[in-house]
Amino acid sequence: MSELIEVLSKQEIQKKVDAIAKTISSDYKDKKLVVIGVLKGSFIFMADLVRALEIPCELDFIGASSYGLSDQTSGTIKITKDINIDIKGKDILLVEDIVDTGTTLAFLIKYMNECGANSIKVCALLDKYERREKSVTPDYTCHKITEGFIVGYGIDYAEHYRYLPAVYHIKT
Ligand code: IMP
Ligand code: MG
């Protein structure tokens, strides 16, 4: 049996999401905000975040995965689901569950730039900064962690645990 240790409770998540949404709402006042969630891990975070925003925005999702099945990013990213809306000249907020090595994010930022975005910022639920390999830092972070594997609130371990309402450290 795997052991789950709570990292962020439902209430703590709500507080952090509300606070970050306030900051984003003020930063993007009068801008053409497009919020793009990175599938699948960001889907619950994204749903809570956009409902807490006090400004209008367009929404889309992008799917990205690294080749291979290991728990480490292989370094080569491919797009598994592209965005459908035209982001040319718009202000993009990429929503990620966890920024780890930064490989996924670096790839997506480059891709959004190539699509002609006016600006690109990143909002992450969790920043696992100690393992960073690319020089990317989320502009908005709910919580920083140093080590361990995380599940819950949209985040999976081999497709399990996404449905859990809080964030846990999993010990297998
Ligand atoms: P990066 O490209 O190394 O930054 O990897 C980021 C992606 O790896 C995240 O979007 C997650 O999907 C996945 N990931 C990284 N750490 C964890 C974790 O602790 N639990 C579940 N998925 C993780
Ligand atoms: Mg992910």
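When a residue number appears, it is its place in the shown sequence, counting from 1. Whatever order the structure lists ligands and atoms in, that order sets their numbers, starting from 1.
- Side-chain atoms of R132 come within 3.5 Å of backbone N or O of V99 as a donor-acceptor pair.
- Residue-level proximity to ligand 1 for K128 is carried by the side chain, the only part with a heavy atom below 4.0 angstrom.
- Ligand 1 lies out of reach of L105, whose nearest heavy atom is not under 4.0 Å from it.
- An N or O contact shorter than 3.5 Å is missing between V151 and ligand 1 by distance.
- When atom types are taken as modelled, the side chain of D60 and the backbone of N84 share a donor-acceptor pair closer than 3.5 angstrom.
- Within 6.0 Å of NZ in K16 there are more than 12 heavy atoms belonging to other residues, nucleotides or ligands.
- Contact annotation for I77 and ligand 1: no heavy atom of the residue comes within less than 4.0 Å of the ligand.
- Side-chain atoms of T23 come within 3.5 Å of backbone N or O of A19 as a donor-acceptor pair.
- Atom numbering of ligand 1 starts at 1 in the shown order; those under 4.0 Å from a heavy atom of T101 are 1 (P), 2 (O), 3 (O), 4 (O).
- At least one heavy atom of G102 lies less than 4.0 angstrom from ligand 1.
- For a threshold of 3.5 Å applied to N or O pairs, the pair formed by I155 and ligand 1 contains no separation below that value.
- Between the side chain of K128 and the main chain of I98, no donor-acceptor pair closer than 3.5 Å is present.
- Close approach of ligand 1 to E96 (heavy-atom distance below 4.0 Å) involves ligand atoms 10 (O).
- In this structure, Y157 and F149 have perpendicular ring planes: the angle between them is above 60°, well past the 30° mark.
- Close contacts of ligand 1 with D156, meaning ligand atoms under 4.0 Å from a residue heavy atom, involve 21 (C).
- The atoms of ligand 1 that sit less than 4.0 Å from any heavy atom of T104 are 1 (P), 2 (O), 5 (O), 6 (C).
- One N or O on the side chain of S9 and one on the backbone of E12 form a donor-acceptor pair closer than 3.5 Å.
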